[in-house]
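Numbered from 1 within each chain, the chains take letters A, B, ... in sequence-line order. Since this is a predicted model, take the numbers as computed values, not measurements.
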Protein chains: 2
Amino acid sequence: MIFLKSVFLRSKHAVLYGLLMAVLIFVLKFLQWKFLIVDYFLDIYVGLIAIFFTVLGIWLALQLAKPRIETVVIKREAATLLPDHFSINEAELKKLNLTAREHAVLELLAKGYSNTEIASHLFLSLSTVKTHVSNVFMKMDVKSRAQAIEKSKRLKITP
Amino acid sequence: MIFLKSVFLRSKHAVLYGLLMAVLIFVLKFLQWKFLIVDYFLDIYVGLIAIFFTVLGIWLALQLAKPRIETVVIKREAATLLPDHFSINEAELKKLNLTAREHAVLELLAKGYSNTEIASHLFLSLSTVKTHVSNVFMKMDVKSRAQAIEKSKRLKITP
DNA sequence: CCCGGACTCATACTAAAGTACCAAAAATAG
DNA sequence: CTATTTTTGGTACTTTAGTATGAGTCCGGG
């Protein structure tokens with residue numbers, strides 16, 4: 001009994017347990033003298049004791065087991081947007097009011113193509129490319145292809 | 001007894017419990033007739049029963065309570081990448097093996113700055129800037145600042 | 001039909017970019 | 001301290017980029 005008490009002393013249920021034990025002992029002592037005459041009483045008596053203390057044990061264990069419900073916080077590095085899926089900023093692009101040809105030229109220009117290379121790819125003369133490029137610069141409000149490329153990438157007008 | 005059995009029937013421990021009970025009943029029956037003559041035996045008897053079944057109950061409960069040891073997993077989105085948070089591709093940058101000065105020049109170059117502007121910002125002569133720029137082009141394996149800018153942005157070497 | 005926008009091309013010119021080669025401080029590593 | 005790399009700067013030159021201006025063609029809408 002003392003052993004049990006010391007075991008459950010740290011729990012606030014220890015006191016309750018002790019009281020229950022005391023009350024039960026008195027009740028049992030009373031029953032012991034009142035119904036001892038009955039032959040088979042001891043069987044029932046032991047059975048009830050067993051059941052009671054089993055239930056008590058279970059209840060105690062469940063109370064004591066409560067802290068075992070642990071909470072684990074797992075920080076998860078969110079697998080955010082897939083590695084740079086590019087989407088054109090249509091709004092900004094529309095503001096520029098580029099013509100189809102100018103847009104085509106800008107696309108190649110933004111890839112680092114020279115005027116001559118752009119001319120070859122679009123089957124244009126160097127002069128025509130220069131004209132388009134100049135017009136693009138005006139509309140984009142830049143003064144060099146370097147600025148044009150930087151701005152295009154920054155505003156997500158080209159990949 | 002039957003009630004207890006039915007309660008714990010779903011558990012694999014139910015059988016073990018039943019067996020223990022049976023054995024115990026026989027042991028108790030034996031002790032009952034052997035030491036009934038001793039007056040105060042009933043007290044010890046009940047005490048042992050109580051202790052035994054309490055421990056048994058605790059043990060049973062702990063076994064049955066195993067599923068109660070829950071792991072509450074809280075997934076917490078680590079405030080990850082905000083809309084295009086830029087991070088430099090250190091690996092690619094290292095491959096280029098740029099010197100500190102060359103890197104500084106590239107930074108400005110990638111912003112669309114002209115050689116003269118770069119010279120002003122870094123307090124260098126135009127000649128020096130041209131030298132650095134040429135070296136950067138060699139190391140980046142490009143032939144113009146346009147390509148350099150495009151490649152820098154593509155490889156995420158500059159913002 | 002003809003006007004305007006889009007597209008094409010050309011010439012002439014200036015400015016900037018880029019290459020090649022050199023060289024001397026300055027910093028750094030062995 | 002010496003060797004090497006980095007940094008700085010220069011000259012001379014070629015190439016490309018960029019501007020300005022003009023002009024011819026084509027096409028759709030008033």
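Of the listed nucleotides (C:dC7, D:dG9, D:dG18), D:dG9 has the atom at the smallest distance from the side chain of B:Thr128. For A:Arg145, taking side-chain heavy atoms from C-beta onward, the closest of the listed nucleotides D:dG10, D:dG18, C:dA17 is D:dG18. Minimum atom distance to the side chain of B:Arg101 is reached by D:dT8, of the listed D:dG18, D:dT6, D:dT8. In the set C:dG18, C:dC7, D:dA17, the nucleotide with an atom closest to the side chain of A:Ala100 is C:dC7. Comparing D:dT19, D:dG10, C:dG18 against the side chain of B:Val133 picks out C:dG18 as the nearest. Listed nucleotides: D:dT19, C:dA17, D:dT8. Nearest to the side chain of B:His132: D:dT8. The side chain of B:Ser127 approaches D:dG10 more closely than any other nucleotide in the set D:dG10, C:dT19, C:dC9.
Residue contacts shown for B:Leu126 are absent, as no nucleic acid heavy atom lies under 4.0 Å away. Residue-level contact check: B:Thr99 touches the backbone only, with heavy atoms under 4.0 Å from sugar-phosphate atoms and none from bases. Across all strands, B:Ser114 comes closer than 4.0 Å only to sugar-phosphate atoms, never to a base (heavy-atom distances).
Here D:dT19 presents its P atom at 12 Å from CG of A:Asp141, a figure rounded to the nearest Å. Summarising the geometry, the separation between CG on A:Leu109 and C1' on D:dT16 is reported as 13 Å, rounded to the nearest angstrom. If you take CD1 of B:Ile149 and P of D:dA17, they are 12 Å apart, rounded to a whole angstrom. One atom, CE of A:Met138, and another, P of D:dT21, lie 12 Å apart when rounded to the nearest Å. The separation between B:Asn135 atom CG and D:dT8 atom P is 12 Å, rounded to whole Å. For A:Lys130 and C:dT14, the NZ to P distance is 14 Å, given to the nearest whole Å. Between A:Met140 atom CE and D:dG18 atom C1' the separation is 15 Å, expressed in whole Å. In this structure, OH of B:Tyr113 is placed 14 Å from P of C:dA17, rounded to the nearest angstrom.
Of the residues B:Leu108, B:Val105, B:Val129, the one that meets the side-chain contact (heavy atoms from CB on, under 4.5 Å) test with B:Tyr113 is B:Leu108.
Checked by distance alone, A:Thr131 brings no side-chain donor or acceptor within 3.5 Å of a matching partner on the base of C:dC7.
Residues B:Leu96 and B:Ile157 share a closest heavy-atom pair of CD1-CD1, 3.6 Å.
When the side-chain nitrogen and oxygen atoms of B:Ser134 are compared with OP1 and OP2 of C:dT19, one or more of them lie within a distance under 4.0 Å. Under 4.0 angstrom from either OP1 or OP2 of D:dT16 there lies no side-chain N or O belonging to A:Asn115.
Annotation: of the two residues near DNA chain D, B:Phe123 and B:Asn97, the 5′-most nearest-nucleotide partner is B:Asn97.
Side-chain contact check for A:Thr99 versus A:His132: every heavy-atom pair is 4.5 Å or farther apart. Looking only at side-chain heavy atoms (C-beta outward), B:Ile149 and A:Arg145 stay at 4.5 Å or farther from each other. Annotation: side chain of A:His103 is in contact with side chain of A:Glu107 (closest heavy-atom distance under 4.5 Å). At least one side-chain heavy atom of B:Leu98 sits less than 4.5 Å from a side-chain heavy atom of B:Leu106.
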